Protein chains: 4
Amino acid sequence: MATKGVAQGKEGKTHHLTTEVQGTYHYTYGPFAKPVLHIKPGDIVIAETHDAFEGQLDSAEASPSERLNVPFLNPQNGPIHVEGAEKGDVIAVRIHSILPRGPQPVGTSALIPEFGGLVGTTTTAMLNDPLPEKVMKMNVTEQGIQFNDRITLPYEPFIGTLGVSPEIEAVSSLQPDYWGANMDVPDVAPGAIVYFPVLAEGGYVYLGDCHATQGDGELCGTAVEMPATVTIQIDLIKQNPIAWPRLENENVIMTLGSARPLEDAARIAYRELIHWMMQDYGWDKYEAYFFLTQAGRLRVGNVVDPKYTVGASVLKTYLT
Amino acid sequence: MATKGVAQGKEGKTHHLTTEVQGTYHYTYGPFAKPVLHIKPGDIVIAETHDAFEGQLDSAEASPSERLNVPFLNPQNGPIHVEGAEKGDVIAVRIHSILPRGPQPVGTSALIPEFGGLVGTTTTAMLNDPLPEKVMKMNVTEQGIQFNDRITLPYEPFIGTLGVSPEIEAVSSLQPDYWGANMDVPDVAPGAIVYFPVLAEGGYVYLGDCHATQGDGELCGTAVEMPATVTIQIDLIKQNPIAWPRLENENVIMTLGSARPLEDAARIAYRELIHWMMQDYGWDKYEAYFFLTQAGRLRVGNVVDPKYTVGASVLKTYLT
Amino acid sequence: MATKGVAQGKEGKTHHLTTEVQGTYHYTYGPFAKPVLHIKPGDIVIAETHDAFEGQLDSAEASPSERLNVPFLNPQNGPIHVEGAEKGDVIAVRIHSILPRGPQPVGTSALIPEFGGLVGTTTTAMLNDPLPEKVMKMNVTEQGIQFNDRITLPYEPFIGTLGVSPEIEAVSSLQPDYWGANMDVPDVAPGAIVYFPVLAEGGYVYLGDCHATQGDGELCGTAVEMPATVTIQIDLIKQNPIAWPRLENENVIMTLGSARPLEDAARIAYRELIHWMMQDYGWDKYEAYFFLTQAGRLRVGNVVDPKYTVGASVLKTYLT
Amino acid sequence: MATKGVAQGKEGKTHHLTTEVQGTYHYTYGPFAKPVLHIKPGDIVIAETHDAFEGQLDSAEASPSERLNVPFLNPQNGPIHVEGAEKGDVIAVRIHSILPRGPQPVGTSALIPEFGGLVGTTTTAMLNDPLPEKVMKMNVTEQGIQFNDRITLPYEPFIGTLGVSPEIEAVSSLQPDYWGANMDVPDVAPGAIVYFPVLAEGGYVYLGDCHATQGDGELCGTAVEMPATVTIQIDLIKQNPIAWPRLENENVIMTLGSARPLEDAARIAYRELIHWMMQDYGWDKYEAYFFLTQAGRLRVGNVVDPKYTVGASVLKTYLT
């Protein structure tokens with residue numbers, strides 16, 4: 001990013017995307033909304049995000065089916081217009097920090113009818129009765145997540161939903177796809193740079209849905225959802241077409257595929273990783289195929305969203 | 001439709017949606033486009049549709065990968081604003097006729113790289129080399145489809161892509177979903193009435209992508225695609241929420257589910273059919289489940305689009 | 001079959017495989033059981049089959065979970081040793097007739113916990129409570145199936161489970177696979193010839209699990225299950241390797257694929273059908289691919305067994 | 001294991017299952033083979049395993065399609081009869097060590113036609129041409145795996161195929177299932193105890209297919225396959241029915257689900273893990289569901305075998 005980006009690693013202006021500046025939040029990723037910010041490559045954005053329920057599940061007694069108003073779920077900040085971003089470019093988002101925001105208990109998880117990994121859903125349609133609705137509230141600080149009286153989970157925050165606008169579509173922020181969005185991959189965390197293909201003029205970065213932590217697959221459908229203050233830096237890499245989101249951190253490069261069934265998400269991610277190894281690191285296709293067979297790693301982001309997401313990664317130390 | 005519809009079976013005004021009236025065609029189903037027509041329930045629309053390639057594959061020598069400009073595929077007429085249509089209503093589309101339009105050979109099918117039922121795709125990502133690109137042109141009249149020197153297939157036209165706008169999304173016309181769109185189900189044919197849930201104010205009916213005939217699954221990804229003149233009547237049923245498109249013709253009622261993997265499309269369709277039997281015909285849930293086990297029928301529409309589509313049906317004679 | 005088979009269409013000896021001759025029924029398809037019959041190509045076998053529950057669900061009050069003893073389900077007649085059958089050959093089974101056998105009500109269907117197309121199962125594992133268990137008994141004659149007081153379904157019998165032994169495995173008779181077995185495809189009916197790859201010396205034909213009728217997908221998991229008297233003729237085609245079961249009747253040729261997810265069953269079936277058209281009818285691969293796109297038909301056998309089964313077919317009139 | 005097992009943690013007799021003692025290797029998991037060893041709970045077995053190719057790919061020039069003789073693949077040691085093992089019991093296998101065996105290069109990987117995660121297969125049937133066949137030979141020692149001149153991978157050996165006999169079936173050793181077998185999960189490694197449901201009298205333990213290392217998913221279908229000397233201890237836990245294999249090591253408990261599509265493997269594994277937490281650690285069902293949503297981990301074993309395998313795990317520190 002530092003070498004390929006337009007900003008050459010330099011930090012630009014800092015923009016405060018407070019709830020007031022944001023005003024209306026968005027429930028789709030698309031090119032039709034008016035940008036809330038116009039930034040230059042290298043600029044910093046500090047965004048105040050809502051939780052995925054937009055705060056409606058404010059107590060353990062709240063009823064998800066009464067409080068949640070489909071399709072107005074998973075509210076997003078943005079879109080952020082990036083100067084000079086054109087189709088064929090890449091937008092790089094470096095995640096600096098994610099802090100819980102608002103009064104405790106700031107973390108929420110919920111069992112929602114016809115939603116989740118171990119229940120019949122609107123898609124995997126069943127005749128069984130749904131599970132009872134439940135809401136769980138948790139105190140979350142940088143020191144940890146109080147799951148119950150006995151267990152405190154480490155604070156491992158990440159951005160659940162992050163991406164750019166599709167070219168001509170406006171798609172629910174609940175869905176992950178080749179433009180990113182609701183991937184729910186825990187590696188989208190402070191220290192990572194996430195790369196997205198620019199599909200629409202200005203890129204139109206959206207973000208929201210921070211999680212204080214999450215297990216692989218986001219089993220019941222909702223992680224430790226929290227409102228957050230997110231600091232990111234956005235850069236632009238010109239004319240560097242990629243097909244799916246990519247990520248790197250200190251240790252690995254990772255590609256992110258989203259599809260159903262789950263094996264297709266893994267196929268997308270691994271094929272993209274082979275392409276990345278070929279393009280940027282000079283690997284032969286078959287050697288990369290053999291190598292990932294022995295040393296590739298898969299991270300299952302979610303098995304609950306409209307598409308499932310898998311990250312395929314390899315250690316940087318092996319690449320060059 | 002005749003009894004429940006606002007128009008009470010009466011035909012209203014006839015609207016000519018020629019290519020000139022349509023002007024710009026659309027590549028998404030959504031609420032952001034300006035209506036090309038405002039109609040009243042009961043009105044007739046005669047629409048001139050393009051083929052799915054918008055005429056770009058004009059000879060057997062044309063190269064799909066050069067001529068087709070993703071995502072500008074599967075051009076749609078519409079949106080048609082239906083007076084009084086509100087969320088919770090149903091839009092009923094009665095298909096009167098579908099005629100081939102334009103100079104011969106009017107029918108086109110094609111093998112497109114990374115697309116089709118028996119090849120690796122952008123989703124079922126493979127390392128295999130793609131098949132060679134191919135374009136096939138066919139003469140199509142109401143008397144038949146000249147597949148080759150030896151075989152003439154019967155003319156069994158239907159509307160490949162038909163539906164209404166999602167509530168807040170604008171989704172590629174290539175994708176079938178609960179608002180209809182690219183279902184590619186051959187039963188969406190003259191004589192059928194197709195029901196869609198109204199999700200956005202005015203309903204916003206779109207249509208296009210007529211097929212002169214098609215096998216189950218639309219195996220290579222493109223049927224006998226043709227520009228057509230389509231005559232439909234559109235009615236409105238107030239306050240009758242349905243979750244997925246439904247269809248009826250002289251013989252059957254059918255529900256249409258779209259999802260991946262394919263079994264989820266079948267699950268959606270069959271569950272919706274049980275709901276329909278319960279709501280409108282007074283069946284018990286378990287009796288309907290048992291009955292469809294013995295007498296239900298599945299039609300696989302497509303196994304090639306972003307979601308696969310299955311229709312589940314039952315003979316009307318059994319219902320009452 | 002008449003021209004290619006060893007028997008040249010001539011009927012050989014008739015063997016009566018009564019319940020007494022059968023003695024112990026089998027719950028796997030494999031080469032380890034001792035043949036109950038040794039026959040020559042062209043011979044007729046009249047077999048008395050049990051229903052899939054082996055008669056245990058003898059009243060509407062019977063409890064499936066108490067009466068059924070997993071894995072001792074779906075009892076099979078056989079194995080039948082076919083003289084001269086070797087790996088690389090094909091066994092052809094012509095179905096002459098299927099008659100209900102035993103006292104009324106001879107037909108049984110049931111809702112079994114963790115089994116069926118619209119419920120969580122042992123594989124599509126859910127946390128939802130199971131549906132209530134239910135057993136349904138139906139009178140079945142050649143004149144019809146009395147589903148309830150109002151509805152009599154046509155008698156459309158077929159063999160649910162039919163096939164040969166795998167080469168070295170012995171696999172549950174509940175599973176359909178490339179050796180046939182529990183495909184639950186209604187086209188395996190009187191008038192059809194079904195072809196299976198010989199995998200083990202003597203072929204080892206098994207059969208059972210007759211259905212008086214069935215809807216596409218066998219939705220709840222159990223059709224109108226009945227004990228039956230089945231008359232088949234078995235022939236042998238030497239050195240004619242096929243990869244998956246094939247079927248023909250007066251009108252169509254059909255290939256039968258079994259896999260999960262369901263689209264893979266369709267892929268297998270359609271690819272095999274292309275191979276069949278190439279091998280026996282001289283079609284070009286791409287022409288067959290285009291043609292099945294326009295004129296292929298899919299029949300969903302089951303979406304409930306350990307593998308799902310799809311038949312892909314094409315009219316014989318188009319082939320030559 | 002130490003507390004619940006019949007052997008109470010004591011080591012019994014040591015048995016040497018050399019290639020000579022083994023004699024014929026097996027290609028199925030089933031109850032029909034004669035035991036090569038009869039052991040008591042607590043006994044040690046030192047087994048000499050073949051690689052998955054039974055040594056046939058002895059040079060980089062060997063042709064897999066010529067050398068490999070389907071279905072005689074993935075040769076297994078065993079069956080080992082465990083005294084007193086009955087249906088409803090659990091067999092516990094503690095893995096002590098896995099050492100490469102035989103002359104260098106002892107490691108082999110291969111691209112095999114119609115097999116692998118990023119190619120069309122016999123199940124995900126495609127018309128694309130297969131990739132070229134390739135064989136890769138690697139030196140493997142406890143110090144590392146020489147992938148190429150530049151890269152040495154750490155030696156992280158595990159048993160690819162390990163399990164017990166099904167009750168009445170004999171199923172290809174290529175397939176993972178609820179009796180274990182070809183799960184290809186790297187956690188089945190020294191230090192782990194793996195638990196299997198006893199389904200057949202004597203349990204009948206089989207093992208083979210050791211890998212020097214493997215990436216998640218075993219992408220091309222074959223890891224660093226090697227012949228090995230494996231030391232395991234086998235114990236028996238009476239009357240403790242489990243539905244799927246389980247595993248524990250110093251840090252985690254893990255359940256192992258195998259199915260297609262991949263999400264079903266994850267569903268099985270996570271549901272089993274909830275059951276384990278309820279049964280052995282006293283968790284409430286919904287609390288466990290919520291907890292694994294936040295802290296569960298998924299390991300994708302293979303996405304290439306007849307069923308895909310996923311391990312779901314949770315840290316032991318959280319359990320009590």
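Just so it is clear, the structure is predicted and the values come from calculations on it, not from any experiment.
Side-chain atoms of D:R271 do not come within 3.5 Å of backbone N or O of C:A125 as any donor-acceptor pair.
Contacts between C:L199 and chain D at a heavy-atom distance below 4.5 Å are absent for every atom of the residue. Heavy-atom distances place no part of D:S258 under 4.5 Å from chain C, backbone and side chain included. Using a 4.5 Å cut-off between heavy atoms, C:F32 contacts chain D through its side chain alone, with no backbone atom that close. C:K285 touches chain D through its side chain: at least one heavy atom from C-beta onward sits under 4.5 Å away, while N, CA, C and O do not.
Side chains of D:T124 and C:D264: a donor-acceptor N/O pair is present below 3.5 angstrom, by distance only.
Residues from residues 166-177 of chain D that place a non-hydrogen atom less than 4.5 Å from a non-hydrogen atom of chain C comprise D:E167, D:I168, D:E169, D:A170, D:V171, D:S172, given in numerical order.
Per-residue heavy-atom pair counts under 4.5 Å with chain D were compared for C:A259, C:G30, C:P261, C:P71, and the maximum is reached by C:P71.
Checked against salt bridge (Lys or Arg N to Asp or Glu O under 4.0 Å), C:D280 has the following partners two or more places apart in sequence or in another chain: C:K4. Scanning for ring pair (Phe, Tyr, Trp, His ring centres under 6.0 Å) contacts around C:Y286 gives an empty result, with sequence neighbours left out. Applying the ring pair (Phe, Tyr, Trp, His ring centres under 6.0 Å) rule to D:Y289 yields no partners; only residues at least two apart in sequence or on another chain are considered.
Interatomic distance, D:H275 NE2 to C:L127 CG, rounded to the nearest 0.5 Å: 6.5 Å.
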